[in-house]
Amino acid sequence: MMHTAVGWHVEMEFMEDDRHTRAAAMVRLPDGTEIRAQGHASRHDVDSAQPRVGEEVAGARALNELAMRLLSKAHDEIDADSGRTSHPIHV
């Protein structure tokens, strides 16, 4: 039987102009840590204005960076707990 011990809350915010979308992502972990990351998307001159697509690209990039930071945090915690340098965690 599986039990959910914790939950994470992820926040995403977007800032947009006619050609650029920036995304900011933040996750709050149960230990009180907040991890933040950003992503960016640009619309090419010949592309039609599709704000949702810009949000999806910038948001995905921010979440990808957030994931990499979480992996790095986990790796550091493994090393601190074990007292040795472990192999890098790869995606």
Query - N-O pairing of Glu16 and Arg22 below 4.0 Å - result: no
Query raised in the report: Can we say Arg69 and Glu65 salt-bridge, meaning some charged N sits less than 4.0 Å from an Asp/Glu carboxylate O?
Result: yes
Requested in this report: Report yes if the side chains of Thr21 and Val57 come closer than 4.5 Å at any heavy-atom pair, otherwise no.
Outcome: no
Requested in this report: Say whether Ile35 and Val10 are linked into one hydrophobic cluster, either directly or through other cluster members, by side-chain heavy-atom distances under 4.5 angstrom.
Outcome: yes
Report summary line: Correct closest heavy-atom pair for Gly39 and Ala62 would be N-CB, 3.5 Å
Requested in this report: Of all the heavy-atom pairs spanning His40 and Arg61, show the shortest one and how long it is.
Outcome: O-NH1, 2.7 Å
Report summary line: Here the gap from Asp76 atom CG to Leu71 atom CG, rounded to the nearest 0.5 Å, amounts to 11.0 Å
Query raised in the report: Are more than 12 heavy atoms from other residues, nucleotides or ligands located less than 6.0 Å from atom CD of Gln38?
Result: no
Report task. Please examine the side chains of Asp31 and Lys73, heavy atoms only from C-beta on, and report whether any two atoms are closer than 4.5 Å. Result -> yes
Query raised in the report: How far does CZ of Arg19 sit from CZ of Arg43, to the nearest 0.5 angstrom?
Result: 6.5 Å
**Report entry** Closest heavy-atom pair and its distance - Ala25, Leu63
**Finding:** CB-CD2, 4.3 Å
Query raised in the report: Between Gly7 and Pro30, which heavy-atom pair has the shortest distance, and what is it?
Result: O-CG, 4.4 Å
Query - Separation between CD of Glu56 and CZ of Phe14, rounded to the nearest 0.5 Å - result: 9.0 Å
Query raised in the report: How long is the span from the OG1 atom in Thr33 to the CZ atom in Arg28, to the nearest 0.5 Å?
Result: 12.0 Å
Report task. Enter the distance from Leu66:CG to Met12:CE here, rounded to the nearest 0.5 Å. Result -> 8.5 Å
Report task. Side-chain contact test, heavy atoms from C-beta onward, threshold under 4.5 Å: evaluate it for Glu77 versus His75 and give yes or no. Result -> no
